[in-house]
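Numbers for residues simply follow the sequence, beginning at 1.
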Amino acid sequence: MATVMQKIKDIEDEMAKTQKNKATAHHLGLLKAKLAKLRRELLTPTSKGGGGAGEGFDVTKSGDARVGLVGFPSVGKSTLLNKLTGTFSEVASYEFTTLTCIPGVIMYRGAKIQLLDLPGIIEGAKDGKGRGRQVISTARTCNCILIVLDAIKPITHKRLIEKELEGFGIRLNKEPPNMTFRKKEKGGINLTSTVTNTHLDLDTVKAICSEYRIHNADVHLRYDATADDLIDVIEGSRVYTPCIYVVNKIDQITMEELEILDKLPHYCPISAHLEWNLDGLLEKIWEYLSLTRIYTKPKGMNPDYEDPVILSSKRRTVEDFCDRIHKDMVKQFKYALVWGSSAKHKPQRVGKEHELEDEDVVQIIKKV
């Protein structure tokens with residue numbers, strides 16, 4: 001482990017010393033690829049002995065979505081978890097109170113949202129310090145991350161935590177790179193693009209690919225991609241997670257300071273201790289999770305508005321709805337009747353590929 005960490009430090013030092021310009025782009029791309037490989041090695045050690053592969057804390061995933069609280073020690077994560085879920089996580093004014101992962105559940109708009117209080121992250125977590133590897137391995141399984149910041153020193157903490165999460169392959173509030181990368185048997189490395197490239201040229205792409213021992217591939221860019229984007233695509237293990245910056249303890253700062261913080265994107269001000277704006281935070285979590293509520297309607301009965309079926313906004317067809325209720329339901333499926341904003345008329349008879357909207361009502365008609 002020490003040798004891997006030393007190699008990481010040596011590469012980071014070399015990158016810091018290297019001037020960024022067209023002449024050094026090729027060299028920097030190579031260093032970034034080496035760094036990504038070493039970080040992966042740190043996350044998933046190949047040796048059979050010692051601590052395993054950073055499998056995270058043993059918390060069973062439950063509910064419709066999972067939200068992780070990440071932050072430096074003593075920013076108020078445990079207080080926030082207690083107030084939102086009623087789960088008791090020890091609260092104290094000294095650092096490192098939470099040493100294991102505490103789960104709680106929020107019931108909101110008919111959805112069951114699991115909230116995890118991950119132990120205080122420290123600088124260097126991505127390099128294996130503290131419980132960093134477990135914290136971030138668990139953070140990778142979350143549908144949304146709340147970075148809890150102290151209103152007195154938010155920006156420094158924000159940058160440090162982003163750097164730690166980025167180092168572990170968690171991309172916050174980003175879309176996957178819009179490029180195609182396809183390995184092939186022969187023909188060398190081909191680079192094509194529909195836009196002008198200011199970061200990547202054929203030599204840099206070849207250098208990065210050779211670091212991964214890839215000598216034949218087609219790379220097609222649909223936007224001005226960077227070396228980091230190409231490395232992310234080759235690594236293939238990146239997670240793209242929505243993130244909210246929860247600035248806590250706003251009762252300790254002035255209105256002028258609050259107005260400055262208000263310019264931060266993806267930001268939500270709260271005071272967990274005084275319970276200020278917790279409703280606003282829940283609304284923002286709901287928006288970032290992007291969930292869809294579908295109500296069931298048994299034949300000849302009124303819709304059940306108490307217990308919706310919760311779907312992800314990316315997977316919300318009638319077939320996804322059937323799978324969520326029971327895996328065998330699709331086999332018996334004949335058609336569905338849908339009421340709501342996705343239906344052209346009420347009710348509309350649809351097939352299993354029909355896309356549902358939030359708060360639609362669905363009745364499944366089975367084969368006889």
Val330, Leu337: one ILVMFWY side-chain cluster at the under-4.5 Å cut-off?
no
Salt-bridged, Lys112 to Asp64, with N to O below 4.0 Å?
no
Check: Any donor-acceptor pair under 3.5 Å linking the side chain of Asn216 with the backbone of Glu185?
Finding: yes
The side chain to side chain contact (heavy atoms under 4.5 Å, CB included) partner of Ser271 among Asp251, Val247, Leu80, Leu278 is Asp251
Separation between CG (Leu200) and NE2 (His26), nearest 0.5 Å, reads 11.5 Å
Distance only, no hydrogens: is a donor on one side chain within 3.5 Å (strictly under) of an acceptor on the other, for Glu257 and Thr254? yes
Determine whether His354 and Thr317 satisfy the following criterion, side chain to side chain donor-acceptor pair (under 3.5 Å), listing intermediate values before the conclusion. CA-CA 5 Å; His354 176 81; Thr317 62; over 6 Å; no
From the list Val105, Val67, Ile113, Ile106, side chain to side chain contact (heavy atoms under 4.5 Å, CB included) partner of Leu84 resolves to Ile106
Margin query: Measuring centre to centre across the rings, with the benzene-like ring taken for any Trp, is Tyr305 within less than 6.0 Å of Tyr295?
Written below: yes
Inset, instruction - Scan side-chain atoms only and decide if Asn82 and Thr79 contain a donor-acceptor pair under the 3.5 Å cut-off. - result: no
Full working for side chain to side chain donor-acceptor pair (under 3.5 Å) between Thr296 and Asp304
CA-CA 6 Å; Thr296 54; Asp304 178 5; 4.5 Å; no
Q: Assess the side chains of Asp328 and Gln332: does a donor N or O sit below 3.5 Å from an acceptor N or O?
A: no
- request: Can you establish whether the number of heavy atoms outside Met107 located under 6.0 Å from its atom CE is more than 12?
  value: yes
Checklist entry - Below 4.0 angstrom, N of the basic side chain to O of the carboxylate: do Glu235 and Lys37 qualify? => result no
